[in-house]
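Counting convention: from 1, in listed order, for ligands and their atoms alike.
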Amino acid sequence: MMTKNQKLLSWVKEIEALCKPDRVKWCDGSQEEYDGLMAQMVASGAAIKLNEKKRPNSYLFRSHPSDVARVEDRTFIASKTKEEAGANNNWRDPIELRKTLTELFDGSMRGRTLYVIPFVMGPLGSPFSIVGVEITDSPYVVVNMRIMTRMGTAALDMLGEDGDFIPCLHSVGAPLQPGEEDVAWPCAPIEQKYIAHFPEDLSIWSYGSGYGGNALLGKKCLALRIASLKARDEGWLAEHMLILGLTDPKGRKTWLTAAFPSACGKTNLAMLVPTLPGYKVETVGDDIAWLRRGKDGSLRAVNPEAGFFGVAPGTSYQSNPNAMYTIEKNTIFTNVALTDDGDVWWEGIGSPAPDHLIDWHGNDWAPGADHPAAHPNSRFTVAAAQCPAISPEWENPDGVPISAILLGGRRPRVVPLVVEGRDWAHGIFLGSIMGSEITAAAISDKIGQVRRDPFAMLPFTGYRLSAYLKHWLEMEGRIDKDKLPHFFHVNWFRRGEDGKFLWPGFGDNVRVLEWAAKRVHGEIDANDSALGYLPAPGDINIDGLGEVNMEELLTLKKDEWLAEAESIRAYYDKMGEVPQKLYDLLDDMVARLKK
Ligand code: OXD
Ligand code: MN
């Protein structure tokens, strides 16, 4: 046995007795172990080895067509009471849910191997870090966890004999009868999928899905939902944010985080290649930030992950060159298309579709087909250390000191390119009103309506959102006054009357970061408005961009904002128990609009 930790040993015994696997394997996280599992999955048909010359040491997996994304409807927070979970979560009674799941897990690993994956979220040895142990019957999960976390022997070393860990139980929910042949991607039908979180004992039980955040339990389940509960109780923040460092031409560095909902370009911004001369961006993380007071009294951020689990479609040498360099080797691809020469392709990769591909279903595909070749949520899994823009500070055990927090969503109308919060509480107000407009991407009667997503944490907060907003307000008292970060609400997605984007986005977003950094360092004035501080005309550098309608991008329209205020009020009322301070700031905004 690899550990003397009694809690871990007895938990593994208990789960083995429940799940009844054929074998138990403790993962050490070594390259040999990874290579062995890959070889085994290639042999079984679960994985395809890509062309070694084109994409060294890289593999393609295809999921079952019913198992392609996080399942929010099947994600549960089983707190003691429904009130504690809040309307933002699906609640189940913890005793009943544990019973339902115990029945499902009983014998669920028959014919399979039970893998024990000790892992650390956060840099090894950091006081920020949390040890988890995932038990899974999916070798695909093992190889992904090796990239996304610090996994294996190092995690057991950090756990030690008496250390505590978050138990994360996972099964694909597809036991094999004696002699039954396995399929390439085993999983359970949707109504049997459960992504369950138990706040009382901080444990995670996930059943029936092998995909992404449903199955790689260190990510959304531990580092966001469970961590948000710990953070509330311990006085820190677990956030759906990227972390980056911006260096200006004078060599001054500004660290910032940014919260955007899923699929709004966090990975692109985290690895941005600036179009302004002399600027440099370095990446610390692209999805999750843990924030707490550091010894120096500032708000310090750590990326708990060790890899990127990024959306492939739309990623190209134009949109995100650093991501493309990162995934040139040692990468796991899931649900992208396969080229005839054994490489990968997806929509928006920057080259036209070849005449023939194998699509994500494993079928022949040709341009003009009635469906995309790569699934829209197809992914790459790759080590952060491979990113050319990775910051030398990315594993700093004390994190990096944050002086700006960006917030944003997809708002084709109404919301300006950038506006700065007046102070901490006003920044929380801006975070609470974040949202994205529902677009024609899905057939819905809600097109044009705004789905509010405070701090992009709607699907990731392990308790009620109003209490979460209160916790954010209270965090102000933990940070030194002169080190409080500034908040900026940004919107890269504004469209003009012709439907075209008003702002170029991507590498040109550095122009907005430049303005934010100047505000942080007190170098530039701004115009107070009903929503906060707006850039003065001409203060955002648009040299070389040609025609950009800054007037349209930076003007608040009174009627639109009065309507927006009504929608925010309705949202607050529906959420319930929203802190009075946020209602006061909403009233203040309306008063300023009416002035
Ligand atoms: C997400 C992700 O869905 O990061 O937000 O995968
Ligand atoms: Mn995310």
Side-chain angles (χ1 to χ4, degrees), residues 61 63 67-75 88-89 121 140-141 144-145 147-149 193 195 197 204 206 209-228 237-244 257-271 283-291 301-315 320 323 326-327 331-336 346 374-384 387 405-410 431 434-436 441-442 451-462:
F61 289 80
S63 79
D67 197 25
V68 292
R70 289 187 291 102
V71 280
E72 292 182 13
D73 285 356
R74 304 297 306 167
T75 299
N88 46 302
N89 283 306
M121 300 310 289
Y140 169 82
V141 165
N144 276 270
M145 287 292 282
I147 295 175
M148 294 304 296
T149 72
K193 291 191 198 333
I195 320 300
H197 307 72
I204 301 161
S206 167
S209 167
Y211 205 89
N214 300 333
L216 313 178
L217 301 185
K219 192 176 180 63
K220 304 298 185 181
C221 296
L222 193 161
L224 287 175
R225 298 193 194 94
I226 291 293
S228 73
L237 295 158
E239 296 300 321
H240 193 201
M241 290 177 174
L242 67 90
I243 310 166
L244 68 81
T257 64
F260 301 112
S262 308
C264 283
K266 279 208 301 298
T267 305
N268 291 347
L269 184 62
M271 301 175 192
T283 313
V284 175
D286 80 328
D287 195 41
I288 300 178
W290 286 351
L291 300 151
V302 147
N303 170 16
E305 302 190 277
F308 306 124
F309 182 65
V311 175
T315 307
N320 192 340
T326 310
I327 60 179
T331 304
I332 299 173
F333 295 93
T334 308
N335 285 347
V336 303
W346 49 78
H375 187 278
N377 190 40
S378 54
R379 300 279 182 150
F380 52 78
T381 317
V382 69
C387 179
I405 296 176
L406 269 57
L407 313 156
R410 274 181 194 269
M434 274 173 61
S436 285
R451 183 205 198 221
R452 303 258 166 223
D453 188 354
F455 288 92
M457 283 290 282
L458 183 62
F460 305 122
T461 310

Would you say ligand 1 has an N or O under 3.5 Å from any N or O of His240? yes

For [X], take its heavy atoms, then give the atoms of ligand 1 lying under 4.0 Å from any of them.
{"X": "Arg70", "result": "1 (C), 3 (O), 5 (O)"}
{"X": "Arg379", "result": "2 (C), 3 (O), 6 (O)"}
{"X": "Asp287", "result": "4 (O)"}

Do Thr149 and Met121 have side chains that get closer than 4.5 Å, going by heavy atoms? yes

How long is the straight-line distance from [atom2] of [Y] back to [atom1] of [X], given to the nearest 0.5 Å?
{"X": "Met457", "Y": "Arg225", "atom1": "CE", "atom2": "CZ", "answer": "9.0 Å"}
{"X": "Thr75", "Y": "Asn89", "atom1": "OG1", "atom2": "CG", "answer": "9.0 Å"}
{"X": "Ile243", "Y": "Lys266", "atom1": "CD1", "atom2": "NZ", "answer": "11.5 Å"}
{"X": "Phe380", "Y": "Thr326", "atom1": "CZ", "atom2": "OG1", "answer": "7.5 Å"}
{"X": "Ile288", "Y": "Thr257", "atom1": "CD1", "atom2": "OG1", "answer": "13.0 Å"}

Once rounded to 10°, what is the value of the angle centred on the Mn ion (ligand 2) between His240 NE2 and Lys220 NZ? 90°

Which one holds for Glu72 and ligand 1: side chain close, backbone close, both close, or neither close, with close meaning a heavy atom under 4.0 Å? neither

We want to know whether Asp286 and Thr267 form a side-chain donor-acceptor pair, criterion being a heavy-atom distance below 3.5 angstrom. yes

Do the side-chain N and O atoms of Ser209 and Asp67 include a donor-acceptor pair separated by under 3.5 angstrom? yes

In Asp287, which N, O or S atom comes closest to the Mn ion (ligand 2)? OD1

Assess Lys266 for proximity to ligand 1: is some non-hydrogen atom of it under 4.0 Å away? no

So, is Ala456 placed with an N/O/S atom under 2.8 Å from the Mn ion (ligand 2), counting both backbone and side chain? no

Starting from atom 4 (O) of ligand 1, locate the nearest protein heavy atom and write down its residue, its atom name and how far away it is, to 0.1 Å. Lys220 NZ, 3.0 Å

What is the nearest protein non-hydrogen atom to atom 1 (C) of ligand 1, stated with its residue, atom name and distance? Ser262 OG, 3.2 Å

